[in-house]
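Each chain gets a letter, A, B and so on, in the order the sequences are listed, and its residues count up from 1. Excluded from the calculations below are hydrogen atoms, water molecules and symmetry mates; all remaining heavy atoms, backbone and side chain alike, are included.
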2 protein chains.
Amino acid sequence: MAEPTDSRAAILDAAERCFADQGFQATTIKRIAGAAGVNTALLYYYFSDKQGLYHSVLERAFGGLVAEGLRGLEGGLDAPEAVRRFVRAQASYMRAHPALPRLLVRELVDHRAAHATAGISHVAATLFARLCEVIRVGQADGTFRRDLDPRLAAISIVSQVAYWHIARPAVGILLGFDAAGPAPEVSDQFAQHAAAFALAALSSDRRSSDRPPLRSEVAR
Amino acid sequence: MAEPTDSRAAILDAAERCFADQGFQATTIKRIAGAAGVNTALLYYYFSDKQGLYHSVLERAFGGLVAEGLRGLEGGLDAPEAVRRFVRAQASYMRAHPALPRLLVRELVDHRAAHATAGISHVAATLFARLCEVIRVGQADGTFRRDLDPRLAAISIVSQVAYWHIARPAVGILLGFDAAGPAPEVSDQFAQHAAAFALAALSSDRRSSDRPPLRSEVAR
DNA sequence: GTCTATACGGGGATAGAC
DNA sequence: GTCTATCCCCGTATAGAC
């Protein structure tokens, strides 16, 4: 930001916020320039056009996601612990990068992920594959039940935290909060719940879930 | 459609498709008119303006959702069976109305559900409340474990099928399908899996899940 | 109720000075 | 590298004829 001539980064940052907040169409070049504190024409110096800028934003976002995600997944191979760590990493990443979920969802519905196939394929080959592998390991050593398809189970696991963040306004209403939506603590609480829910679904016997029962009441 | 002077319905139908496909901003009045087979100016005869039309589309969509959703939920109070029925109803509704998930997601990210608070509150008071109640009943009679918050569990249940449809293009890539995404049969398969996953998470003992183990391999 | 014609504004993009 | 000025298209919305 303070770098000389790093207007480019400033533009990318501003564009990411704007695209996430309002979507591709609704975001105007002029607004991005304003938010970045630079001139409209400068966007065309650094990027081919609006689409090119958008594409660059997506690439950068996905790169960070995979890098940080993989870091959160390193460590032992104990299956239940790995699942718990995965959910925690997913939740903390979304909390740290609130723009990302909206950005990705928009890309999904706006272009059927056409501008993001490369990034998603990368995620599929790294993060998602890793999660599936963990589930298979758990099934092989008997801690996880074997009558669930590992890949569908992986989607079930991912969906909980993802949906929570995508549908935050609706979730707020469902849980009886006001328009402000659930507070960050509630998101943390849900992440804990999601991990427990997933492990309960996966476990092959009830004993393996002999953890401190977290009866987490959501405050109204 | 064949009704005389029911251009109004034709406009609403076309608008629903367009808004779902491209979003509010990207959808042009002219395109809606074209898709409805009427003139541009006619939209302003029936609706105040673009926003008014959008609002009417949302209202109609939510009305149908609640009506049909409640119908699918009637019947016995056996908790596990009710959960299964809920997931099945959710999946079949989304399959029958493919535009709805995208429409709602767009409203969530575009306006933080501002235009849909009434509809969502209605869903919260009917469908969601019903699902929570079912879970509580199951916990009370001992078939469901008691260390899960019923409302968070309800969100976990809903999230699976919802996410599947929202993220369909990404899911397609994750599961190794081509750009076309998963076929409808795979969606049905996932709905079955989601119900089994949810019941496994909820059940207080393993015996209660002595159903035909559906080892559903997803074809590549 | 339905159409034609048009005004009006705003957004993407470029030329060219500095 | 960064800015000023400007062009042109297209989308919303209205007036008014039929």
Side-chain angles (χ1 to χ4, degrees), chain A residues 1-60 99 102-103 106-107 109-111 114-115, chain B residues 1-60 99 102-103 106-107 109-111 114-115:
Chain A
M1 283 252 183
E3 307 287 302
T5 285
D6 255 64
S7 315
R8 191 174 194 277
I11 293 172
L12 275 175
D13 289 340
E16 180 172 312
R17 281 195 303 273
C18 290
F19 284 139
D21 285 348
Q22 322 181 307
F24 180 78
Q25 277 271 352
T27 299
T28 72
I29 290 286
K30 301 181 183 182
R31 189 173 200 80
I32 296 176
V38 302
N39 191 274
T40 311
L42 199 59
L43 302 203
Y44 292 92
Y45 176 76
Y46 285 114
F47 305 93
S48 58
D49 57 357
K50 198 182 169 186
Q51 285 232 19
L53 171 55
Y54 177 66
H55 204 269
S56 301
V57 166
L58 281 186
E59 274 186 352
R60 198 183 59 160
R102 275 170 300 155
L103 201 62
R106 299 197 112 107
E107 172 58 19
V109 292
D110 281 347
H111 314 107
H115 299 268
Chain B
M1 282 257 181
E3 307 286 302
T5 286
D6 255 65
S7 314
R8 192 175 193 277
I11 293 172
L12 275 175
D13 290 341
E16 180 172 311
R17 281 195 303 273
C18 290
F19 284 140
D21 285 347
Q22 321 181 308
F24 180 79
Q25 277 271 351
T27 299
T28 72
I29 291 286
K30 300 182 184 181
R31 191 174 201 79
I32 297 175
V38 300
N39 191 274
T40 310
L42 200 58
L43 303 203
Y44 293 92
Y45 175 76
Y46 285 113
F47 305 93
S48 57
D49 56 358
K50 199 182 167 187
Q51 285 231 19
L53 172 55
Y54 177 65
H55 205 269
S56 300
V57 167
L58 281 186
E59 273 186 351
R60 198 184 59 159
R102 276 170 299 155
L103 200 62
R106 297 200 114 106
E107 172 58 19
V109 291
D110 281 346
H111 314 107
H115 298 268

Hey, what are the protein-to-nucleotides 11-15 of chain D N/O distances that come in under 3.5 Å?
residue : atom : partner : partner atom : Å
D:dT12  : OP1  : B:Thr27 : O            : 3.3
D:dT12  : OP1  : B:Ile29 : N            : 3.4
D:dT12  : OP1  : B:Lys50 : NZ           : 3.0
D:dT12  : OP2  : B:Ile29 : N            : 2.8
D:dA13  : OP2  : B:Tyr44 : OH           : 2.8
D:dA13  : OP2  : B:Lys50 : N            : 3.3

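Contact annotation: A:Tyr45 does not reach the phosphate of C:dT14 (side-chain N/O to OP1 or OP2, under 4.0 Å).
Every residue two or more places apart in sequence or in another chain that forms a salt bridge (charged side-chain N to carboxylate O under 4.0 Å, His left out) with A:Arg60 is listed here: A:Asp13, A:Glu16. Remark: B:Thr28 pairs with B:Lys30, B:Arg31 by the side chain to side chain contact (heavy atoms under 4.5 Å, CB included) rule, at least two apart or across chains. With sequence neighbours excluded, no residue forms a ring pair (Phe, Tyr, Trp, His ring centres under 6.0 Å) with A:Tyr44. Residues meeting the side chain to side chain donor-acceptor pair (under 3.5 Å) test with A:His111, sequence neighbours left out: A:Glu107. Under the ring pair (Phe, Tyr, Trp, His ring centres under 6.0 Å) criterion, A:Phe24 pairs with A:Phe19, A:Tyr54, not counting sequence neighbours. In terms of the side chain to side chain contact (heavy atoms under 4.5 Å, CB included) criterion, residue partners of A:Val109 (sequence neighbours excluded) are, by chain and number, B:Arg102, B:Val105, B:Arg106. Under the side chain to side chain contact (heavy atoms under 4.5 Å, CB included) criterion, B:Ala41 pairs with B:Asn39, sequence neighbours left out.
In this structure, B:Leu43 atom CG and C:dG1 atom C1' are separated by 13 Å, rounded to whole Å. What separates CD1 of B:Ile11 from C1' of C:dG1 is a distance of 11 Å, to the nearest Å. Between the CG atom of A:Leu42 and the P atom of D:dG1 there is a distance of 10 Å, given to the nearest Å. Atom CZ of B:Arg8 and atom C1' of C:dT2 are 16 Å apart (whole Å).
Taking five base pairs at each end of the helix from C:dG1-D:dC18 to C:dC18-D:dG1 and finding the rotation axis that steps the C1' atoms of four pairs onto the next four gives two axes whose angle is 10°, to the nearest 10°.
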Does B:Val57 form a side chain to side chain contact (heavy atoms under 4.5 Å, CB included) with B:Phe47? I'd like the steps, not just the answer.
CA-CA 11 Å; B:Val57 167; B:Phe47 305 93; over 6 Å; no
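Comparing C:dT2, C:dT4, D:dG1 by their closest approach to the side chain of B:Asn39 singles out C:dT4.
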